[in-house]
Amino acid sequence: MFDVIIAGCGPTGAMLAAELRLHDVRVLVLEKETEPVSFVRIVGLHIRSLELMAMRGLLERILQHGRQRPAGGFYAAIPKPAPKGLDSAHAYLLGIPQPVIVHLLEEHAIELGAQVRHGCAVAGVEQDDEGVTVELADGEKLRSRYLVGCDGGRSTVRKLLGVGFPGEPSRTQTLMGEMEVGVPQEEIAAKVTEISEINKRFWLRPFGERVYSVVVPAAGVSDRAEPPTLEDFKHQLRAIAGTDFGVHSPRWLSRFGDATRLAERYRVGQVLLAGDAAHIHPPIGGQGLNLGVQDAFNLGWKLAAQIRGWAPETLLDTYQAERRPVAEDVLDNTRAQTELLSTGPGPQAVRRLLTELMDFDEVNRYLIEKITAIGIRYDFGEGPDLLGRRLRDIDVKEGHLYGLLHRGRGLLLDRTERLTVGGWSDRVDYLADPTAVLDVPCLLLRPDGHVAWIGDDQQDLDDHLSRWFGKPAD
């Protein structure tokens, strides 16, 4: 009997498993693939995800495998620099191969005690009053108190639950791959510069000696499960650029569409959804992986609290209440970006106008904070603007704030040195630091780094400790 079974060991599933293990939850992760993916797609970790990695002591390990670049030019590929003074110690994008980040997060989960089984596909799900029965494709049955579907946009778990996935199907598709080229770099650069002025879904970028990352619009829309061929790439390159650049020897080829869908519910009884199983959208702005990892951080401590027996009655319901609106916003901003990438005269006119508006720092900053998820504010009720927002990694007397969050517990930061976490000390840490650079006297951080309370009154604090961390221990 496990506490939680997770379907899918991508970034979302692996991160969720690690978060649960911080609270000694018995976790089994089921991954249907037997081997890692063979292609090396580069993904980007945005500011908020980098902050979360720092909170768990993972960032230094991950930085070794990635390449940093400025946090600008994300929104609809409009080439504007990042605004100055972004409110983060990690104000950059980290490009990292997707198989590497998956491996690092899975390794982290295993180090913490999670079990991971590859080659295990979920085929059936049944719930009862005691938990969930998960049937595998080979007929084996497993029991767990909870099941979380982190099994991608074609989620088996979501389909077995009968949860609706409304939205828009793909209207366009784009081919993406890595391959060698047969013409000089100067010729490629000149042609790409000429075409990309109009067609933002076209590029060839160097990715090693004579190897290029190639992105080109597809001729139509087909089943995403059907991989494109090298001839598909050549045909589309000739149609758009007048040459196929002598492409050959592909490393990997794939396609992606602009389907946009959001699960009607994130929870049905003891089964929950996270990551692409709950939401899909075009990869514009590179938000998908980040959105899933941030789902895992929001859900992990809440589900652990439920299992450990101290969760307030409605805590687990706040997962959907907080994360589904965030996904709705991401879907909307990718819809807007998709329109801005269209070659039609109307969208191009809007794009030119937005390009001008982004010269205003406030506009540029707003869009960057939206894409990188540092502008998120959960609705915790009335209070200062910081309430419900994440707190940057400030200096404290014991080093850096995020260094105090490695165990996935709450934290009371007390500048008055008069408060206490009392009976919640088994799940909330305490730091008295009158020197902390804050505009508020004291604040309570949830395990995901969001500010749950601001003030200096002990009774008010106790009320909020109860709200987020349940009844105090005897």
Side-chain angles (χ1 to χ4, degrees), residues 1-6 8-30 45 48-62 101-116 144-148 150 272 274-275 290 292-312 315-316 318-319 322-323 390-391 393 398-413 421 424-431 444-452 465 468-470 473:
M1 179 75 176
F2 294 94
D3 293 319
V4 179
I5 291 177
I6 299 171
C9 196
T12 302
M15 195 73 254
L16 177 59
E19 288 295 287
L20 291 168
R21 283 302 305 156
L22 289 175
H23 303 277
D24 202 30
V25 172
R26 295 168 297 176
V27 180
L28 172 66
V29 186
L30 302 173
L45 291 180
R48 184 54 181 157
S49 294
L50 294 169
E51 291 182 339
L52 297 177
M53 299 304 165
M55 286 182 198
R56 299 301 185 256
L58 281 169
L59 186 56
E60 291 305 316
R61 184 191 304 189
I62 290 171
I101 188 65
V102 170
H103 170 73
L104 291 173
L105 294 178
E106 180 179 341
E107 183 179 64
H108 174 57
I110 292 172
E111 288 172 356
L112 291 172
Q115 296 184 41
V116 179
S144 177
R145 293 177 63 182
Y146 288 88
L147 168 68
V148 185
C150 302
L272 300 103
N290 296 273
V293 167
Q294 291 156 28
D295 283 348
F297 265 80
N298 187 284
L299 174 59
W301 71 277
K302 297 173 180 178
L303 185 53
Q306 190 77 19
I307 290 165
R308 306 274 18 124
W310 57 258
L315 181 64
L316 195 52
T318 66
Y319 166 60
E322 292 173 5
R323 294 304 298 171
R390 41 52 101 191
L391 184 63
D393 192 9
E398 297 188 14
H400 294 283
L401 176 69
Y402 288 0
L404 304 178
L405 299 174
H406 289 184
R407 296 193 295 168
R409 293 158 55 94
L411 175 68
L412 175 64
L413 180 52
V421 295
W424 292 272
S425 61
D426 61 331
R427 62 207 85 149
V428 180
D429 292 325
Y430 174 80
L431 175 65
L444 176 66
L445 284 181
R446 304 194 316 185
D448 59 1
H450 281 261
V451 178
L465 285 165
W468 295 109
F469 298 97

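- By the 4.5 Å heavy-atom criterion applied to side chains, L445 and M55 are not counted as neighbours.
- A donor-acceptor pair under 3.5 Å is formed between the side chain of S144 and the backbone N or O of D3.
- The heavy-atom pair separating V27 from A17 by the smallest distance is CG1-CB, 3.9 Å.
- Atom CG of L404 and atom CG of L431 lie 6.0 Å apart (nearest 0.5 Å).
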Worked check of side chain to side chain contact (heavy atoms under 4.5 Å, CB included) between F469 and L444: CA-CA 11 Å; F469 298 97; L444 176 66; 4.1 Å; yes
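- In this structure, the separation between NZ on K302 and CZ on R323 is 9.0 Å, given to the nearest 0.5 Å.
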Steps toward side chain to side chain contact (heavy atoms under 4.5 Å, CB included) verdict (Q294, N290): CA-CA 6 Å; Q294 291 156 28; N290 296 273; 3.7 Å; yes
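- Judged by distance alone, the side chain of R56 and the main-chain N or O of E19 form no donor-acceptor pair under 3.5 Å.
- Applying side-chain contact (heavy atoms from CB on, under 4.5 Å) to C150 and the options L30, L272, V29, L16 leaves one that passes, L16.
- Minimum interatomic distance between V421 and D429 (heavy atoms only, all atoms of both residues): CG1-O, 4.0 Å.
- Applying the side chain to side chain donor-acceptor pair (under 3.5 Å) test to E111 and every residue at least two apart in sequence or in another chain returns R61.
- Looking at every heavy atom in both residues, H108 comes nearest to A18 through CD2-CB, 3.3 Å.
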Steps toward side chain to side chain contact (heavy atoms under 4.5 Å, CB included) verdict (Y146, L316): CA-CA 12 Å; Y146 288 88; L316 195 52; 4.1 Å; yes
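- Using a 4.5 Å heavy-atom threshold, the side chains of L299 and V148 count as touching.
- Here the side chains of T12 and F297 are not in contact, with every heavy-atom distance at 4.5 Å or above.
- Looking at R26 and I5, their side chains never come closer than 4.5 Å, going by heavy atoms from C-beta outward.
- Remark: L20 CG to I307 CD1 distance equals 6.0 Å, nearest 0.5 Å.
- In this structure a side-chain-to-backbone donor-acceptor pair under 3.5 Å is present from R308 to D24.
- Going from atom CG of L405 over to atom CG of L22 covers 11.0 Å, rounded to the nearest 0.5 Å.
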Derivation and outcome, side chain to side chain contact (heavy atoms under 4.5 Å, CB included), residues L147 and V4: CA-CA 6 Å; L147 168 68; V4 179; over 6 Å; no
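- Residues passing the side chain to side chain donor-acceptor pair (under 3.5 Å) test with H400, sequence neighbours excluded: D395.
- Distance check: L303 CG to N298 CG gives 11.5 Å after rounding to the nearest 0.5 Å.
- Of all heavy-atom pairs between L412 and V428, the closest is N-CG1, 4.0 Å.
- The two residues R145 and Q306 have their closest heavy-atom pair at NH2-O, 4.1 Å.
- Under the 4.5 Å side-chain criterion, counting only non-hydrogen atoms from C-beta, W424 is not in contact with W468.
- At distances below 3.5 Å, at least one donor-acceptor pair connects side-chain atoms of D393 with backbone N or O atoms of Y402.
- Between the side chain of D295 and the main chain of G275, a donor-acceptor pair closer than 3.5 Å is present.
- The shortest heavy-atom contact between R21 and L112 is NE-O, 2.9 Å.
- Legend: residues meeting ring pair (Phe, Tyr, Trp, His ring centres under 6.0 Å) with H450, ordered by chain and number and at least two apart, are Y378.
- Although no hydrogens or angles enter the test, the distance criterion places no donor-acceptor pair under 3.5 Å between the side chain of R446 and the main chain of R409.
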